[in-house]
Number of protein chains: 2
Amino acid sequence: MDKQNHLGNVRVVLSHTSHPGNIGAAARAMKTMGLRHLYLINPRHFPDPQADAMAAGADDILRNAVVCSSIDEALQGVVFTVAMTARLRDISIEVKTPREAMPELLQQAAQQPVAMLFGTEMSGLTNEEMGKAQVLVNIPTNPDFSSLNVAAAVQVMSYELSAAAQDFVPRVQEVQPASHEQVEGYFAHLEKVLFEIGFFTTQNPSRLMQRLRRLYARARPEAEEINILRGILSVTTEYNARLKKRYSEEHSDVQEH
Amino acid sequence: MDKQNHLGNVRVVLSHTSHPGNIGAAARAMKTMGLRHLYLINPRHFPDPQADAMAAGADDILRNAVVCSSIDEALQGVVFTVAMTARLRDISIEVKTPREAMPELLQQAAQQPVAMLFGTEMSGLTNEEMGKAQVLVNIPTNPDFSSLNVAAAVQVMSYELSAAAQDFVPRVQEVQPASHEQVEGYFAHLEKVLFEIGFFTTQNPSRLMQRLRRLYARARPEAEEINILRGILSVTTEYNARLKKRYSEEHSDVQEH
């Protein structure tokens, strides 16, 4: 496994970018550091001459960019995602520095696709988008001026990734991490069952799902574990169905008596 | 000595920048990382609305930027300069990575002004400009695409500097490093004397001065040592003058006889 293969497994995902110049500058930043896979979620203007101008020779990255209409589409097949945040939140999902996070991203990239996720120029990523990541990364900035340009953030992250790749030794990985869509399938299933059993009647569903996402983000479930978790959900539903059936039978008995 | 003081001693020097947007983007990059002193050597357009637009809130950096007409003016008072190079040259001046160079820059910045020197968009720094630095820094890039934007290079360097500052412990420095103008004064003196003694008749002066610059860049002379070296040069000139005087006296003796 050589460095090029690792970097070839890394996607840069830009969500809802407003200024096409930033897309071009991000492509240039990526290419200088040996990255090539750009994914764009609903860019406001793309393709665009300003993107081409700012790419300054990285036009192959733009030409091969994958334009997506949702984050799930952009993360299809991905097993590990780091999401950028400008804020240091008081939440339980891990917030790491680029230097801490990049060796882990590379480790995962040795085997399967991984992603670095960047938000919009004005407001960054939404909570929902960050909920799709396993790790949040904050680039430490001047507390009085943390306004890092999105392409500059791509430059810093790509640089750190490239620096980490210089002296990277892959660990033997015995686990088979679940893919983005397997994990999302689990969350959709979980949410459905939690509605089914009436768990959400006294709770705010979206806030609670965010907390559950964070818990599982820390756990990094394997594909096999996702199957087990979904098995539990299925059995729960079946058990409920049996209970209901029995109740309705008994109820009809009662009525018969 | 706290981190802010160290970063307050760091100048970012941009030489002959063509595009004012890059000046603005560099100012923004600096400010996000806690740097504030921008020096511009003969910028093509400055001030300029494009610079303001790209600064995106770092307009105080632009307003306080020092516009210089020469590199010596920009490095006045500086005791340690790192210069960017895109090429890994086969020359004897040290070429370091940002991660290697930034702790040393900070160490020097604990006491006196230091500089990071960036060249033009098209051709980088001249050999003459690089000769003014003690250390060359190369940001490792994709060998097939090393075209790092100048503001992106400022971002990476400022980020590395800020990261180095996080866990920086100043060493006690007993030496008093010579300032830029003391070192330049020595080189001017040396060159003059080397002409005087006829050393350059069989050598290429500018190439030879570059080699001497590299040697002294590695040595990092103290102010006191510069005084000693210049003392030697002065004595050399005086000795030569005495020899010439004696020769002309003897020669006139010969003519008289």
Side-chain angles (χ1 to χ4, degrees), chain A residues 3-4 7-8 18-19 21-22 24-36 50 53-61 86 97-100 102 121-122 137-167, chain B residues 3-4 7-8 18-19 21-22 24-36 50 53-61 86 97-100 102 121-122 137-167:
Chain A
K3 178 187 162 189
Q4 284 313 309
L7 297 184
S18 302
H19 301 297
N22 285 334
R28 180 175 179 180
M30 288 168 60
K31 192 170 179 183
T32 59
M33 296 297 143
L35 299 180
R36 55 184 186 274
Q50 275 188 62
M54 292 299 279
D59 41 304
D60 53 331
I61 307 264
T97 66
R99 199 152 300 172
E100 290 164 344
M102 290 302 95
E121 290 90 339
M122 287 306 288
V137 169
N138 172 259
I139 299 176
T141 50
N142 177 355
D144 301 327
F145 188 76
S146 61
S147 159
L148 201 63
N149 168 266
V150 62
V154 170
Q155 183 71 66
V156 166
M157 293 295 286
S158 303
Y159 163 76
E160 270 291 356
L161 187 62
S162 167
Q166 298 300 323
D167 42 21
Chain B
K3 179 187 162 190
Q4 284 313 310
L7 297 184
S18 302
H19 301 297
N22 284 335
R28 180 175 179 181
M30 287 168 59
K31 192 170 179 185
T32 59
M33 296 297 145
L35 299 180
R36 53 184 187 272
Q50 275 188 62
M54 292 299 279
D59 41 304
D60 53 331
I61 307 264
T97 65
R99 199 152 299 173
E100 290 163 346
M102 290 302 95
E121 290 90 339
M122 287 307 288
V137 169
N138 173 260
I139 299 177
T141 49
N142 177 356
D144 301 327
F145 188 77
S146 60
S147 160
L148 200 63
N149 169 266
V150 62
V154 170
Q155 182 71 67
V156 167
M157 293 294 286
S158 304
Y159 164 74
E160 270 290 357
L161 187 62
S162 167
Q166 298 301 321
D167 41 22

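Proteins come first, then strands; the chains are lettered A, B, ... in the order of their sequence lines, and each starts at number 1. All values below come from the heavy atoms of this structure, side chains included, with hydrogens, waters and symmetry mates left out.
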So the salt bridge (Lys or Arg N to Asp or Glu O under 4.0 Å) pairs with at least one residue in residues 156-166 of chain B (sequence neighbours excluded) are R99(A)-E160(B), R99(B)-E160(B)

On a heavy-atom basis, the closest approach of A56(B) and F145(A) is O-CZ, 3.7 Å

Note to self: Does any part of the side chain of I139(A), heavy atoms only, come nearer than 4.5 Å to the side chain of M33(B), both counted from C-beta?
What the structure shows: yes

Bottom line for A151(A): the part with an atom under 4.5 Å from chain B's heavy atoms is neither

(request) For the residue pair L148(A) and Q155(B), establish whether any side-chain heavy-atom pair is separated by less than 4.5 Å. (result) yes

Ranking S147(A), A163(A), S146(A), S158(A) by heavy-atom pairs under 4.5 Å to chain B gives rank one to S147(A)

When the 4.5 angstrom heavy-atom criterion is applied to A152(A) and chain B, the contacting part is both

